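Data first, discussion second: the structure below is written as structure tokens.
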Amino acid sequence: MRLATWNVNSVRQRLPRLLAFVERWEPDVVCLQETKVADADFPSEPLLARGYSALCHGQAGRNGVAIVSRLPLEEVARALPGSPVPEDARVLAARVDDITVVNIYAVNGKEVGDPAYEVKLAWFDALHAWAASVVDPAGRVAIAGDFNVTPDDRDVHDPDLWRGRNLASEPERTRVRALTDVGLVDLGRRAAGDVVGPFTFWDYRMGAFHRGWGLRIDLVLGSALVAERLVSVEVDREERKPTAGEGKPSDHAPVIVTIDD
DNA sequence: ATGTCACTTTACAAGTGA
């Protein structure tokens, strides 16, 4: 199975690139974040024409997640129990083949000290509690999405600059470690080994992509039975370039995970 | 560190969230 995750920053703005992406990679499943569209306005038809159905949990203008698949999808959940922001569309889970795919768009947190940062930590606590009760350690589970956290300093272009700041602070990293302690493996890090990156996000401002100022915040966590079948994890870095396709790029690059069937 | 982008609104500019 080929499973991708991509924060598209508006699925309608990114539609030509999304269609080109599925034709280029032929993924079985794509988890999208920041679709920024109500379910009724999700662009299902051009995806259906390419053999992909979509399950969406959206809202107008902000947040929004969707799972796009060429394999049958069976919805498992569309809410995070105990979320401090229950009105936000941030979670969607579905059964695909023999894998439970959980698509998440984590709270950004703005900056350490901001009330939104405390909401972020509480949101991860709710995710951990839910995962600990729902994720069957003996089952096949993948939690994919925009975590808005760099798991450690290898995931940051300049650790000294980022030390202690939102996206790199210790309390958020502790929350992500709590998820891996449930028995989930960070597949991107396992595939890459002990190197810097590969990054998946570059801010739109300051020419961050051109300057290499990236972060690895788009992750796929897999249960043991998924991790043992891991073949590869790739980042479609080309897709972040303004010249890579029609229209402007998202500030995130897609991550593509291949798992042996 | 913030040189941009996408969205919204009693809309033709400014605020917001990232």
Side-chain angles (χ1 to χ4, degrees), chain A residues 5-19 21 31-43 56-66 83-91 103-124 127 144-150 153 155-169 172 175-176 196-197 199-219 237-255:
Chain A
T5 179
W6 189 12
N7 178 323
V8 286
N9 185 22
S10 171
V11 70
R12 287 179 291 185
Q13 289 295 320
R14 226 60 65 205
L15 186 58
R17 283 174 177 252
L18 174 60
L19 298 176
F21 173 77
C31 294
L32 301 175
Q33 303 87 35
E34 284 206 86
T35 53
K36 296 190 175 181
V37 68
D39 291 351
D41 298 320
F42 189 91
C56 4
H57 179 200
Q59 61 186 106
R62 308 172 51 222
N63 308 316
V65 284
S83 170
V85 280
E87 66 281 8
D88 284 10
R90 295 184 178 276
V91 170
N103 181 11
I104 69 153
Y105 172 51
V107 173
N108 174 286
K110 284 195 180 128
E111 56 181 284
V112 175
D114 192 288
Y117 180 79
E118 298 304 321
V119 171
K120 179 184 200 173
L121 299 182
W123 187 88
F124 270 106
L127 179 65
D146 177 0
F147 282 66
N148 270 316
V149 179
T150 54
D153 279 352
D155 304 310
V156 180
H157 68 94
D158 185 344
D160 290 333
L161 172 70
W162 282 89
R163 186 149 292 119
R165 293 180 53 191
N166 187 44
L167 307 181
S169 70
E172 338 164 38
R175 293 329 188 265
V176 172
V196 174
F199 303 138
T200 65
F201 163 83
W202 297 261
D203 199 290
Y204 280 127
R205 296 165 292 183
M206 296 288 291
F209 180 69
H210 180 68
R211 296 158 101 145
W213 294 352
L215 304 173
R216 189 177 72 95
I217 57 176
D218 298 276
L219 310 178
R237 195 175 175 283
E238 286 295 306
E239 174 51 47
R240 180 60 181 79
K241 296 181 178 176
T243 52
E246 194 179 327
K248 294 174 177 174
S250 170
D251 43 0
H252 295 251
V255 177

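Below, chains carry the letters A, B, ... as their sequence lines are ordered, and counting in each starts from 1. Quick caveat: nothing in here was measured; it's all calculated off a predicted structure.
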Problem set entry | Touch class at under 4.0 angstrom, heavy-atom based, for Gly207(A) against every strand present | nothing

Exercise. Quantified in whole Å, what is the P atom distance between nucleotide dA6(B) and nucleotide dT2(B)?
Worked result: 22 Å

Problem set entry | Under 4.0 angstrom between Lys110(A) side-chain N/O and dG17(B) OP1 or OP2 | yes

For this session: Give Asp203(A) one of three labels, base, sugar-phosphate or nothing, depending on what nucleic acid heavy atoms sit under 4.0 Å from its own.
Result: base

For this session: For Arg205(A) and dA6(B), give me the distance from atom CZ to atom C1', rounded to whole Å.
Result: 13 Å

Exercise. Got Thr150(A) and Phe201(A) here, is their nearest side-chain heavy-atom distance under 4.5 Å?
Worked result: no

Seminar exercise, completed: The residue, Asn9(A) or Asp251(A), whose nearest nucleotide of DNA chain B is more 5′ is Asn9(A)

For this session: Using atom CZ of Phe201(A) as one end and atom P of dT4(B) as the other, report the distance to the nearest whole Å.
Result: 14 Å

Problem set entry | Among dG17(B), dT4(B), dT2(B), the nucleotide that comes nearest once only the side chain of Tyr204(A) is considered | dT4(B)

Problem set entry | Selected nucleotide, minimal atom distance to Arg165(A) side chain, candidates dA18(B), dT2(B), dA6(B) | dT2(B)

For this session: Would you kindly compare Arg211(A) and Tyr105(A) by the position of their nearest DNA chain B nucleotide and give the one closer to the 5′ end?
Result: Arg211(A)

For this session: Give the ring-plane orientation class for Phe21(A) versus Trp6(A), where under 30° counts as parallel, over 60° as perpendicular and anything between as tilted.
Result: tilted

For this session: Give the rounded distance in Å between these two atoms: NE2 of His210(A) and C1' of dT4(B).
Result: 16 Å

For this session: For dA18(B) versus dA1(B), give the span between their C1' atoms, rounded off to a whole number of Å.
Result: 15 Å

Exercise. dG17(B) P sits how many Å from Asn148(A) CG, rounded?
Worked result: 15 Å

Exercise. In whole Å, what is the span from the CG atom of Asn108(A) to the P atom of dC5(B)?
Worked result: 18 Å

For this session: Can you tell me the distance, in whole Å, between the CG atom of Asn63(A) and the P atom of dG17(B)?
Result: 11 Å

For this session: Just call it for Trp162(A): base, sugar-phosphate, or nothing, with non-hydrogen atoms closer than 4.0 Å on any strand.
Result: base

For this session: Can you tell me the distance, in whole Å, between the CZ atom of Arg17(A) and the C1' atom of dC5(B)?
Result: 13 Å

Exercise. Any idea which of dA18(B), dC7(B), dC5(B) is nearest the Ser10(A) side chain?
Worked result: dC7(B)

Exercise. Roughly how far apart, to the nearest Å, are dT10(B) and dA14(B) at atom C1'?
Worked result: 14 Å

Exercise. Atom CG in Asp146(A), atom CG in Leu32(A): separation rounded to 0.5 Å?
Worked result: 12.0 Å

Exercise. Nearest to the side chain of Trp213(A) - dT8(B), dA1(B), dT4(B)?
Worked result: dA1(B)

Exercise. dA1(B), dG17(B), dT4(B): which one has an atom nearest the side-chain heavy atoms of His157(A)?
Worked result: dA1(B)

Exercise. Is the distance from OP1 or OP2 of dC7(B) to the nearest side-chain N or O of Gln13(A) less than 4.0 Å?
Worked result: yes

Exercise. Choosing from dT8(B), dG17(B), dA1(B), which nucleotide comes nearest the side chain of Arg62(A)?
Worked result: dG17(B)

Problem set entry | Whole angstrom value for the distance that separates C1' of dG17(B) from NE2 of His252(A) | 12 Å

Problem set entry | N/O (side chain, Arg14(A)) to phosphate O (OP1/OP2, dA6(B)) under 4.0 Å | yes

Exercise. Does one side chain, of Asn9(A) or Lys36(A), offer a donor that lies under 3.5 Å from an acceptor on the other?
Worked result: yes

For this session: Mind running side chain to side chain contact (heavy atoms under 4.5 Å, CB included) on Arg205(A) and Trp213(A) for me, showing each step along the way?
Result: CA-CA 10 Å; Arg205(A) 296 165 292 183; Trp213(A) 294 352; over 6 Å; no

Problem set entry | Distance-only polar pair, side chains of Glu111(A) and Asn166(A), donor-acceptor under 3.5 Å | no

Problem set entry | dA11(B) to dC7(B) separation - C1' atoms, rounded to the nearest Å | 13 Å

